[in-house]
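First listed ligand is number 1; within each ligand, the first listed atom is number 1.
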Amino acid sequence: MPIATYIDTHCHLDGEEFAEDRDEVVQRAREAGCTQIFLPAIDVKSCHTVLDVCAHYPGYCYPMLGLHPEEVKTDWREQLDTIHQLLQFPLPLERAEGEALPIAIGEIGLDYYWSREFEQEQLEAFEEQVKWAVELQLPLMIHCRKAQNELVAILKKYAKELPGGVFHCFTGNEQEARQLLEFDNFVLGIGGVLTFKKSHLPEVLPACVPLERIVLETDAPYMAPVPMRGKRNESAYISHVITRLAEAYGVTEEVICHQTTSNVERIFKII
Ligand SMILES: [Zn+2]
């Protein structure tokens, strides 16, 4: 076991990309020092696969349930009804007791990068799920692309009652970082993008984001860090992100691991 340990707060380990060798991927993560992996769902179907994978790795994998903005289509209301049910009663009776309950609502948000076809529906679906976070007092795992102003406007309405959350895969500028950090108990999810050659994150983050406001993530199988860029990502590869973050902040890798882990404990309250 490495000296420093960390938590991967966003990994699509239920994806079919991992169907062949999921046990080995988890084993490599454990050996690399990853002590927990959080799995986001994107729709009803993946809520079930996320819960199944988490049941398979109790105490290691934890589920987050929600409807991803790119999955908001004509049937979004039905999907939301089912996911709301699952958030409250996630475990079928035949499952053993003591398995992981959902630790967050996600991933949810707004995404106008590819299409604005369901713009209005995305706004409604996001707001509905933000209300669940207030109702169930669960943190949010938020995905946002090309829609930060719209997203912030909705969150502001509930800011005082929200327990917190993660703005996952943050890639913005200083102004955008500052705007997001105005929400108490919210942190930025940082992953492979930090290591990309053209990334401005190594300058932006130390300039305006205290280490207390950062958590680590892979977004695996996507966003593999340099030198794995373009390959299938996995939780063990976060070491490359840790190294780059330590350089950017001028601290040791142990400090990065320790601080980000305690940030996760504070936001998710699971440990
Ligand atoms: Zn994701």
Side-chain angles (χ1 to χ4, degrees), residues 6-19 22 25-26 29 34 36-54 61-73 76 79 83 86-87 100 102-115 118 122 125-126 129-130 133 138-148 151 165-172 180 186-196 199 201 214-225 228-238 241 260 264 267-268:
Y6 63 88
I7 295 171
D8 182 356
T9 59
H10 193 116
C11 175
H12 298 276
L13 189 60
D14 61 310
E16 56 193 33
E17 295 86 351
F18 298 107
R22 194 171 289 114
V25 170
V26 168
C34 182
Q36 263 125 8
I37 302 177
F38 299 169
L39 280 65
I42 57 167
D43 59 4
V44 167
K45 192 167 162 246
S46 77
C47 283
H48 290 289
T49 53
V50 160
L51 287 167
D52 284 345
V53 169
C54 290
C61 292
Y62 292 84
M64 307 186 280
L65 306 185
L67 184 62
H68 189 289
E70 286 180 287
E71 304 304 325
V72 172
K73 310 270 166 67
W76 67 276
Q79 295 244 1
I83 295 171
L86 283 170
L87 274 164
I103 57 163
I105 294 169
E107 53 181 302
I108 69 168
L110 300 173
D111 191 327
Y112 299 146
Y113 186 78
W114 296 111
S115 157
F118 293 102
Q122 280 195 31
F126 177 61
Q129 294 177 93
V130 170
L138 285 173
L140 292 167
M141 177 57 69
I142 294 179
H143 168 109
C144 180
R145 260 199 310 186
K146 300 275 177 219
Q148 185 163 318
L151 188 111
V166 177
F167 295 105
H168 128 76
C169 198
F170 176 76
T171 57
L180 296 180
F186 276 79
V187 293
L188 307 183
I190 302 298
V193 173
L194 175 79
T195 68
F196 295 175
S199 174
L201 287 178
I214 286 179
V215 295
L216 301 171
E217 64 171 44
T218 51
D219 204 13
Y222 317 108
M223 301 290 174
M228 311 297 183
R229 192 169 180 184
K231 296 195 178 132
R232 182 190 70 170
N233 199 4
E234 58 179 73
S235 301
Y237 297 170
I238 285 192
V241 177
T260 54
V264 174
I267 304 293
F268 290 87

Q129 meets the side chain to side chain donor-acceptor pair (under 3.5 Å) criterion, sequence neighbours left out, with none
* Asked: Does the distance from a Lys or Arg side-chain N to an Asp or Glu carboxylate O, for E70 and R145, drop under 4.0 Å?
  -> yes
Counting only protein N, O or S atoms (no waters) closer than 2.8 Å to the Zn ion (ligand 1) gives 4
Donor-acceptor pair, side chain of D111 and main chain of C144, under 3.5 angstrom:
no
The side chain to side chain donor-acceptor pair (under 3.5 Å) partners of D43 (sequence neighbours excluded) come to S46
Could you tell me how the ring of Y62 sits relative to the ring of F38: parallel (under 30°), tilted (30 to 60°) or perpendicular (over 60°)? perpendicular
Taken in chain and number order and not counting sequence neighbours, the residues that satisfy salt bridge (Lys or Arg N to Asp or Glu O under 4.0 Å) with R229 are none
